[in-house]
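Notes follow once the structure below has been shown.
Any value given below was found using the heavy atoms of this structure, including those in side chains, with hydrogens, waters and symmetry copies removed. The first residue of the sequence shown is numbered 1, and numbering continues consecutively from there.
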Amino acid sequence: MEERLQELLEAALYCHVSDIHFSYYTRQEKVEMAMRFPEGMRRLKPKEGDTAFFHYLMYRANLDLSDMSQPQTGRFEEELDGKRISLRFACMSSYGMVSGVLRLLNNHADLKVSDLSDDPDTVKWLQKVTSYHEGLVVFTGPTGSGKTTTLYTLLNETQNKTIYTLEDPIEVYSDHYVQLQVSAERNLSYAQGIRQLMRHDPDIIMIGEIRDEEAAEGAVRAALTGHLVVSTLHSIDCTGAILRLEDLGIRRSDLQEVLRGISSQRLITEKEGGRKGIYEIMDEKELACWFGNGHCSENFVPLAKKMEAAEKNFSE
């Protein structure tokens with residue numbers, strides 16, 4: 001079992017993949033595995049014993065093997081080439097199948113902001129984010145686009161700032177900041193967590209993801225009271241992030257006051273096999289333009305154009 005785990009982790013790290021997907025078909029007693037790449041999911045070659053390996057992952061994550069009917073999430077660590085890899089294994093049952101996802105939580109711990117993009121203007125903007133004294137900065141993109149990696153990389157490179165995070169769940173444990181996990185069992189919601197954090201005089205509050213009205217309201221309230229808040233959000237692009245926040249009940253006037261920037265990103269594979277982020281950026285000037293007339297300026301470069309140019313360069 002250990003050899004299979006080491007083999008999969010080595011492949012995931014080599015391919016810069018953060019998630020390994022499992023489909024355990026309980027009637028046939030077989031397991032299919034896949035990894036998510038920028039171009040889509042890739043099936044992995046099955047091996048004898050993968051069904052036992054699925055149960056082994058549940059055991060390592062301290063999940064209840066006797067009751068697969070309930071969604072479960074656990075975490076554990078594995079040492080690979082002298083490095084401790086933090087892992088989260090989540091299971092969810094459906095008819096005739098149990099779906100599992102093994103996430104590598106700290107496979108980006110050694111990145112620097114300058115590693116995130118080849119575009120100097122993007123790197124300059126990213127490095128500027130944590131220098132704001134107040135406001136809200138939102139990082140958007142679909143699952144697997146690297147937005148959480150971007151956020152942790154920014155925080156890890158920030159110096160002389162008191163940083164608190166509120167996450168559900170905590171994805172990467174760090175000694176660089178104080179982390180608080182949302183917990184229904186402990187009656188600690190996003191709203192309650194933000195209230196607690198603001199009593200500790202933070203310079204920066206990181207909210208792992210804005211998923212609902214409560215998280216959105218808490219993020220904006222903290223930003224309006226003079227704190228810098230950074231968070232992630234699922235949306236197609238930067239303007240979609242604004243519309244999404246409005247759908248979550250945030251008034252446009254409040255957004256206009258607190259937003260300091262929005263980025264939307266995707267990952268692209270380079271010729272050498274590495275992966276870089278392609279970022280669409282709405283800085284304060286673009287936000288002012290958009291809130292003024294509902295459109296970006298002529299200088300704004302949409303994500304689709306940046307992706308097209310990057311793919312052309314990487315293919316040459």
Side-chain angles (χ1 to χ4, degrees), residues 38 113-114 116-151 153-154 204 206-207 209-213 215-217 219-224 227-268 275-314:
V113 175
S114 56
L116 297 174
S117 173
D118 286 330
D119 178 32
D121 291 335
T122 295
V123 172
K124 185 178 179 180
W125 182 82
L126 289 171
Q127 290 172 333
K128 179 184 177 183
V129 165
T130 56
S131 67
Y132 287 113
H133 295 292
E134 43 77 33
L136 173 64
V137 181
V138 177
F139 296 85
T140 78
T143 299
S145 62
K147 55 188 181 296
T148 301
T149 297
T150 295
L151 197 47
T153 303
L154 295 184
I204 301 173
M206 188 273 267
I207 297 176
E209 183 180 343
I210 296 176
R211 293 188 180 127
D212 52 29
E213 291 86 349
E217 183 182 351
V220 171
R221 184 184 298 114
L224 285 169
H227 299 85
L228 174 62
V229 180
V230 293
S231 186
T232 67
L233 177 75
H234 284 273
S235 68
I236 297 175
D237 53 22
C238 291
T239 57
I242 297 174
L243 299 176
R244 174 63 178 149
L245 288 168
E246 289 181 331
D247 286 342
L248 291 173
I250 306 302
R251 295 181 300 181
R252 177 166 293 207
S253 59
D254 287 339
L255 289 175
Q256 189 171 358
E257 183 174 350
V258 301
L259 278 173
R260 297 291 172 266
I262 305 173
S263 82
S264 179
Q265 70 181 87
R266 302 294 188 276
L267 290 176
I268 192 166
R275 299 169 80 185
K276 287 285 185 179
I278 306 299
Y279 294 80
E280 175 187 273
I281 303 293
M282 287 186 76
D283 57 15
E284 289 183 286
K285 289 183 179 179
E286 288 297 339
L287 285 167
C289 184
W290 197 89
F291 280 115
N293 57 29
H295 299 282
C296 296
S297 72
E298 295 180 356
N299 297 322
F300 182 74
V301 183
L303 185 63
K305 279 192 174 181
K306 290 190 174 185
M307 289 285 290
E308 183 180 350
E311 289 172 350
K312 181 179 180 181
N313 289 336
F314 289 162

**Residues Glu134, Arg260: salt bridge by 4.0 Å N-O rule** = yes

**Item:** Ser235 OG to Lys147 NZ distance, which is reported to the nearest 0.5 Å
**Value:** 9.0 Å

**Item:** Within 6.0 Å of CG in Leu243, more than 12 heavy atoms from elsewhere
**Value:** yes

**Message:** Looking at every non-hydrogen atom in both residues, tell me the closest pair between Val229 and Ala222 and how far apart they are.
**Reply:** CG2-CB, 3.7 Å

**Request:** Would you give the length of the straight line joining atom CD of Glu209 to atom CG of Leu233, rounded to the nearest 0.5 angstrom?
**Result:** 7.5 Å

**Message:** I need the minimum non-hydrogen distance between Ser231 and Ile207, along with the two atoms involved.
**Reply:** OG-O, 2.7 Å

**Message:** Using 0.5 Å steps for rounding, measure from the CD1 atom of Ile210 to the CD atom of Glu213.
**Reply:** 12.0 Å

**Prompt:** Can you find a heavy atom in the side chain of Phe139 that is under 4.5 Å from one in the side chain of Ile262?
**Reply:** no

**Asked** Arg244: what forms a side chain to side chain donor-acceptor pair (under 3.5 Å) with it, not counting sequence neighbours?
**Response** none

**Message:** Are the side chains of Leu267 and Lys276 in contact, using a 4.5 Å heavy-atom criterion?
**Reply:** no

**Fill in**
In terms of heavy-atom contacts, Leu228 and Thr130 come closest through CD2-CA, 3.9 Å

**Fill in**
Heavy atoms of Asp254 and Ile250 approach each other most closely as CB-CG2, 4.3 Å

**Message:** On a heavy-atom basis, which atom in Ile236 and which in Ser264 lie closest, and how many Å separate them?
**Reply:** O-OG, 3.3 Å

**Asked** To the nearest 0.5 Å, how far apart are CZ in Phe300 and SG in Cys289?
**Response** 10.5 Å

**Asked** Regarding Ser297 and Glu286, is there a side-chain donor-to-acceptor distance under 3.5 Å anywhere?
**Response** yes

**Prompt:** Can you find a heavy atom in the side chain of Leu303 that is under 4.5 Å from one in the side chain of Asp237?
**Reply:** no

**Prompt:** Does any non-hydrogen side-chain atom of Tyr279 lie less than 4.5 Å from one of Leu116?
**Reply:** yes

**Val137 vs Leu259, side chain to side chain contact (heavy atoms under 4.5 Å, CB included): CA-CA, chis, key distance, verdict** = CA-CA 6 Å; Val137 181; Leu259 278 173; over 6 Å; no

**Student check: side-chain heavy atoms of Ser263 and Met282 closer than 4.5 Å** = no

**Request:** Please examine the side chains of Val220 and Leu245, heavy atoms only from C-beta on, and report whether any two atoms are closer than 4.5 Å.
**Result:** no

**Request:** In sequence, state the C-alpha distance, the side-chain angles, and the governing distance for Leu154 and Val230, and then conclude on side chain to side chain contact (heavy atoms under 4.5 Å, CB included).
**Result:** CA-CA 10 Å; Leu154 295 184; Val230 293; over 6 Å; no

Do any side-chain atoms of residues 120-129 form donor-acceptor pairs under 3.5 angstrom with protein atoms, and if so which ones, sequence neighbours left out?
{"from": "Thr122", "atom 1": "OG1", "to": "Asp119", "atom 2": "OD2", "distance (Å)": "2.7"}

**Asked** Atom CD in Glu280, atom OG1 in Thr140: separation rounded to 0.5 Å?
**Response** 7.5 Å

**Item:** Any Gln265 side-chain heavy atom under 4.5 Å of Ile278 side chain
**Value:** no

**Prompt:** Just wondering, do Lys306 and Val301 contact through their side chains at under 4.5 Å, heavy atoms?
**Reply:** yes

